[in-house]
Number of protein chains: 2
Amino acid sequence: MAQIIIQNSLADKVYDLLKDQILSGELAGGMFIPEEQLAQQFGVSRTPIREAIRRLAEYGLVVLKPRSHAQVYQVNEKEARDIARVRVVMERLAVESMTPESINERIEQLARLAADCQYYLGIGNRAALFEKDSLFHLELVKCANNSTLYNLFERLDAQVQLLRVAQNLPDDELGQIINQHGQLLQYLRNGDIAASKALLYKHIVHEAEQNGV
Amino acid sequence: MAQIIIQNSLADKVYDLLKDQILSGELAGGMFIPEEQLAQQFGVSRTPIREAIRRLAEYGLVVLKPRSHAQVYQVNEKEARDIARVRVVMERLAVESMTPESINERIEQLARLAADCQYYLGIGNRAALFEKDSLFHLELVKCANNSTLYNLFERLDAQVQLLRVAQNLPDDELGQIINQHGQLLQYLRNGDIAASKALLYKHIVHEAEQNGV
DNA sequence: AACAACTATCTTGCATACAAAAAACAAGAG
DNA sequence: CTCTTGTTTTTTGTATGCAAGATAGTTGTT
């Protein structure tokens, strides 16, 4: 059921832990993350730490100055809009690329993730809600059967997650957005691509513009 | 004129060299690239080599199996179509996002790159032509003033370059495609977004479908 | 007191060493 | 001859040490 992620190397583990810490806000935007400190914290040498930080930089979660401290990336509002615009075209391409079969294969999982979002919204667990929301959209893009699109979207998703915690939307607006998941699934079941695409725009851009344009 | 790229670290230099070797076909798809061998070849230790290979993997130019050889990525035809579809929506978004000012700022550079493409096509230097073509499209996306879009497009571009050498288009079709650059610039000067978007589809998807669907 | 230059400290970048796992090879059984 | 199994060799993953450069603190000057 839950996808098992094999963490072979220490670098993988450190990467996942650091990513969680950044996305949870534990490591806030702008903070320095010296390699030696992390090495002691995780009880490993600097080598796997370095690799993890480098990968985080590739995903835009930390910024690297040569021969200087790595720093946790801080999203700004301009970037929030930029991210949303790219998200829209990618998710719309995903919807366009779907076939009835590829939708059927994943619709149950999508429905489950949408329900999870509702659940965590209800009990007020935002961290869990955001994680499920990301998984929902990743699953959506998977339906396109386009590995290039999926890989790029994964990268974008990292920044979307960073954005969500920084945004801190009010409960009612968040609820509205989460409710759209169910409607989107209904459109997809009916094969209504146009309606899906229109809803996606609202669903994604809305979020970013709440932040105050 | 030519953008100066500062290569601070050895890893950067190794990355650039390996990238060139892969994109030129010198390191062909499927080949193994052991760290130690490269270390001796470049006269450095394995540490910067590892970092370079990891980054190449992030750009999809090599594939990494845990505790095993890194391997140069081999594009297949399905992926060629996938890449083209993503390219279309990203470059179309770029065109939509442009303003007359952002176009004016870069139109000269774009024209220069388009001319370079023509020149290298004329003398039959494909490697140089492909490089300029990539730069043309990167510059095009830059006009959108969307750093998220640009970063993702850079990643996609690496695979597009890999694709181009594998495709080996006949001269006449390549010529047709390169000629479209000038027309695109004309549309952009006139602010004709719709025509630009239509042409982009032809320009990009055409390439992929020549490969034989 | 504010600013500049110098010094000390810290951090990264790279090289090297070693252990564990995978790949390659060889020998033996069917 | 082919397939399997065991052994050797190679290759990766990680730790550690050192040098170059950046940061931060200190002193001296205006």
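Proteins get letters first, then strands, A, B, ... in listed order; numbering begins at 1 in each. The basis for the numbers below is simple: all heavy atoms, side chains too, and nothing from hydrogens, waters or symmetry mates.
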Using a cut-off of 4.0 Å on non-hydrogen atoms, how would the nucleic acid contact of Ser68(A) be classed: base, sugar-phosphate, or nothing?
-> sugar-phosphate
Provide, to the nearest angstrom, the distance between the [atom1] atom belonging to [X] and the [atom2] atom belonging to [N].
X: Ile49(A); N: dT16(D); atom1: CD1; atom2: C1'; result: 15 Å
X: Asn8(B); N: dA20(D); atom1: CG; atom2: C1'; result: 13 Å
X: Asp12(B); N: dG13(C); atom1: CG; atom2: P; result: 9 Å
X: Tyr15(B); N: dG13(C); atom1: OH; atom2: P; result: 17 Å

Options dA22(C), dT11(D), dG13(D), nucleotide nearest the side-chain atoms of Arg50(B) | dG13(D)
State which of dT16(C), dT11(C), dT14(D) makes the closest approach to the side chain of Thr47(A).
-> dT14(D)
Report yes if at least one side-chain N or O of Lys65(B) is closer than 4.0 Å to OP1 or OP2 of dT12(D); otherwise report no.
-> no
Listed by chain and number, what are the salt bridge (charged side-chain N to carboxylate O under 4.0 Å, His left out) partners of Asp171(B), not counting sequence neighbours?
-> Arg126(B)
Contacts of Glu36(B) meeting salt bridge (charged side-chain N to carboxylate O under 4.0 Å, His left out) (sequence neighbours excluded), chain-then-number -> none
List in numerical order all residues of residues 32-45 of chain B for which some heavy atom is under 4.0 Å away from an atom belonging to DNA chain C.
-> Val44(B), Ser45(B)
Which atom pairs, one a donor and one an acceptor, fall under 3.5 Å between side chains of residues 37-47 of chain B and the rest of the protein, sequence neighbours left out?
unit_1, atom_1, unit_2, atom_2, d
Ser45(B), OG, Thr47(B), N, 3.3
Arg46(B), NE, Glu35(B), OE1, 2.9
Arg46(B), NH2, Glu35(B), OE1, 2.9

Who are the side chain to side chain contact (heavy atoms under 4.5 Å, CB included) partners of Val165(A), not counting sequence neighbours?
-> Phe130(A)
Counterpart residues, side chain to side chain contact (heavy atoms under 4.5 Å, CB included), relative to Ser24(B) (two or more places apart) = Glu26(B)
I'd like a table of atom pairs between the protein and nucleotides 17-19 of chain D - only N or O on both sides, under 3.5 Å - with the distance next to each one.
none

Sort and list the pairs that fulfil salt bridge (charged side-chain N to carboxylate O under 4.0 Å, His left out) and have at least one residue in residues 98-111 of chain B, not counting sequence neighbours.
-> Arg106(B)-Glu139(B)
Table please: side-chain donor-acceptor pairs of residues 55-69 of chain B below 3.5 Å, with sequence neighbours left out.
unit_1, atom_1, unit_2, atom_2, d
Arg55(B), NH1, Asp12(B), OD1, 3.1
Arg55(B), NH2, Asp12(B), OD1, 3.0
Glu58(B), OE1, Arg155(A), NH2, 2.4

Expected list for residues 51-58 of chain B near DNA chain D, using heavy atoms below 4.0 Å, is Arg54(B)
Tell me, which pairs form a ring pair (Phe, Tyr, Trp, His ring centres under 6.0 Å) where one or both residues lie in residues 79-117 of chain B, sequence neighbours left out?
-> none
Side-chain donor or acceptor of Ser102(B) paired with backbone N/O of Cys143(B) under 3.5 Å | yes
Report the residues that fulfil ring pair (Phe, Tyr, Trp, His ring centres under 6.0 Å) with Tyr150(A), sequence neighbours left out, ordered by chain and then residue number.
-> none
Within-4.5 Å side-chain heavy-atom neighbours: Leu93(A) and Val89(A) | no
